[in-house]
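As the structure is a computational prediction, the values presented were derived from the model and not from experiment.
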Amino acid sequence: MSRPKNQNYKGHGLSKGKEREQRASIRFKTALVNTLMDVLRRRPGWVEVKDEGEWDFYWCDVSWLRENFDHTYMDEHVRISHFRNHYELTRKNYMVKNLKRFRKQLEREAGKLEAAKCDFFPKTFEMPCEYHLFVEEFRKNPGITWIMKPVARSQGKGIFLFRRLKDIMDWRKGTAGKKLTSLEAPPARNAVNPSGSHDARSSDDQKDEIPVENYVAQRYIENPYLIGGRKFDLRVYVLVMSYLPLRAWLYRDGFARFSNTRFTLSSIDDQYVHLTNVAVQKTSPDYHPKKGCKWMLQRFRQYLASKHGPEAVETLFSDMDNIFVRSLQSVQKVIISDKHCFELYGYDILIDQNLKPWLLEVNASPSLTASSQEDYELKTCLLEDTLHVVDMEARLTGREKRVGGFDLMWNDGPVSREEGAPDLSGIGNFVTNTHLGCVNDRSNQLRQLFRSLQSQKKASS
Ligand SMILES: Nc1ncnc2c1ncn2[C@@H]1O[C@H](COP(=O)(O)OP(=O)(O)OP(=O)(O)O)[C@@H](O)[C@H]1O
């Protein structure tokens, strides 16, 4: 149960057994109205709490953390959906700062070879504070393309590409971010998207103190892997249950997000060519709502395997595992590891023509809104499986290596992933089939549910 720190607690003085008895149902609260709401409402034994009611589980947004976390007392069993200072990983500038520091530490302690395993993020400078370092680097490689990204916005807002220092001069004068303006909203300082329909960028304490909007200047990956001539990036989900010790689960499914326009380096001002965010692509004149711009990860794997063979695909996916683990390790000592917190991260990965994966960023609030039936199925399974791992019902033994579509990737050390490792929870075998692409009953149920939700929506509008 949760309550403000100095408020009297109704259940105070009850024995543990009585308390557990009283908690026959799990009281949940959520700040998001999307697929998540469907999943929570359907979950047996879970009841929704509104407004100031006490809760056991809260899928909060990051602004709630800032305003309430430090003043809320939480009982042992209570869980919330973010770590207190999640922005250490989910703000573009902090992520890079932590990765650079971690790389240096590895070089000191384990040598250059080990440190080189952190070379998965494009060269990045924080602006304006690293402007002079950036200029030095810029002059070393004339003619290459750079990308400027606001540190705390999302959905491609405020992003632009450049090749001349003059463009940065304009930015410094306060005109930056005006190149790709068609989608641009006013700087979303402290903005939180209450519907959760987008990847609402973290709104956190640090942001309040930033007098001008900060950017990162990042080397643009000029040779992205193309499918059908189009650029794409991957969205992969990682669930962290604890930072000390680090305990992280990797979801088997995810998707590739494609641009609608053929890739070319000749027009760097065209956002539809260079930015693969769905929010950007949806506004493209060539966008087909039915076709969408996503491929499920399984389909992407199959495509790559047919082109390059299974070994190349294995190497690519294990290089991605390396990214997940190292990036989490880079913030392991910085993030406040509170036993009440978990976090479902959305990783954005770009693959180049050498099949090298690059980490673009990590999202604290990956979009949970479905853009198609397939997407709805993926997100529903993802959320159900997340709740299985969070385990408010106390059904897991703690020895599971697989729960639904999640594989335990790191448990204070690497976790061996034998093929067909049993799902000890007994929860996930059924679910896992869905992830392997089998059409089963559950999948059909979801399809029906999706259709009925669609027709309800139509009827009400
Ligand atoms: N260094 C890079 N090289 C090539 N393309 C990039 C690079 N950085 C970003 N992009 C492209 O720009 C898009 C948006 O970048 P990024 O995800 O960093 O910003 P964002 O606005 O926070 O997006 P999101 O809403 O997905 O969080 C990416 O999906 C990718 O297509």
Side-chain angles (χ1 to χ4, degrees), residues 59-70 79-107 109 115 117-127 129-130 149-154 188-192 199-210 213-218 236-250 322-349 358-366 409-410 412:
W59 198 291
C60 60
D61 57 36
V62 290
S63 69
W64 181 88
L65 278 186
R66 190 183 62 228
E67 283 148 26
N68 301 290
F69 186 90
D70 298 338
R79 294 290 176 271
I80 59 170
S81 61
H82 294 288
F83 286 92
R84 174 67 183 89
N85 55 344
H86 63 88
Y87 46 77
E88 292 287 348
L89 183 62
T90 57
R91 281 259 303 257
K92 295 177 177 76
N93 52 339
Y94 292 159
M95 178 188 88
V96 168
K97 177 198 75 181
N98 284 315
L99 280 168
K100 284 181 182 171
R101 201 205 40 232
F102 183 59
R103 195 192 183 289
K104 272 195 197 134
Q105 181 196 330
L106 276 182
E107 188 163 342
E109 293 170 4
K117 292 183 185 156
C118 287
D119 292 338
F120 50 70
F121 57 101
K123 201 155 254 176
T124 307
F125 298 89
E126 187 171 351
M127 307 288 254
C129 62
E130 292 185 326
K149 306 193 273 190
V151 296
R153 286 207 249 172
S154 62
R189 299 255 214 105
N190 305 324
V192 172
D199 290 346
R201 176 68 50 233
S202 326
S203 134
D204 52 60
D205 311 76
Q206 318 278 328
K207 217 189 248 172
D208 296 347
E209 292 149 21
I210 297 171
E213 197 178 14
N214 285 20
Y215 271 65
V216 289
Q218 186 169 79
V236 185
Y237 299 98
V238 172
L239 174 63
V240 175
M241 293 303 297
S242 150
Y243 270 98
L244 283 176
L246 182 59
R247 191 170 162 85
W249 298 76
L250 173 64
N322 173 63
I323 293 183
F324 306 136
V325 170
R326 305 254 167 199
S327 58
L328 295 175
Q329 285 176 329
S330 78
V331 292
Q332 203 186 345
K333 293 194 180 130
V334 185
I335 296 232
I336 302 162
S337 186
D338 186 310
K339 64 174 180 238
H340 300 102
C341 307
F342 70 93
E343 190 125 18
L344 179 65
Y345 294 109
Y347 273 75
D348 290 346
I349 307 276
W358 294 91
L359 174 61
L360 296 185
E361 71 157 342
V362 186
N363 290 283
S365 311
M409 168 174 64
W410 195 266
D412 205 14

side-chain contact (heavy atoms from CB on, under 4.5 Å) between Tyr94 and His86, worked out | CA-CA 10 Å; Tyr94 292 159; His86 63 88; over 6 Å; no
Value rounded to 0.5 Å, distance of [atom1] in [X] from [atom2] in [Y]:
X	Y	atom1	atom2	result
Ser154	Lys149	OG	NZ	12.5 Å
Glu130	Lys97	CD	NZ	11.0 Å
Leu65	Phe83	CG	CZ	11.0 Å
Glu343	Asn363	CD	CG	10.5 Å
Asn93	Tyr215	CG	OH	13.0 Å
His340	Ile80	NE2	CD1	8.5 Å

Side chain to side chain, Ile349 and Leu359, heavy atoms closer than 4.5 Å | yes
Are any non-hydrogen side-chain atoms of His82 and Cys60 less than 4.5 angstrom apart?
-> yes
Shortest non-hydrogen contact from [X] to [Y]?
X	Y	value
Cys341	Phe69	SG-CE1, 3.8 Å
Thr124	Phe121	OG1-CD1, 4.5 Å
Leu246	Gln329	CD2-CG, 4.1 Å
Leu360	Met95	O-CE, 3.8 Å
Phe120	Ser327	CZ-N, 4.2 Å
Leu328	Tyr347	CD2-OH, 3.6 Å

Cation-aromatic face contact Lys117/Phe102, 6.0 Å, 45 degrees | no
Test side chain to side chain donor-acceptor pair (under 3.5 Å) applied to Glu107 and Arg103, Gln105, Lys104, the passing residue | Arg103
Indicate, with yes or no, if the rings of Phe324 and Trp249 have centres closer together than 6.0 Å.
-> no
N/O donor-acceptor pairs under 3.5 Å from side chains in residues 236-243, not counting sequence neighbours:
residue	atom	partner	partner atom	Å
Ser242	OG	Leu244	N	3.4
Ser242	OG	Pro245	O	2.4
Tyr243	OH	Tyr345	OH	2.7

Would you say Asn85's side chain and Ile336's backbone share a donor-acceptor pair under 3.5 angstrom?
-> yes
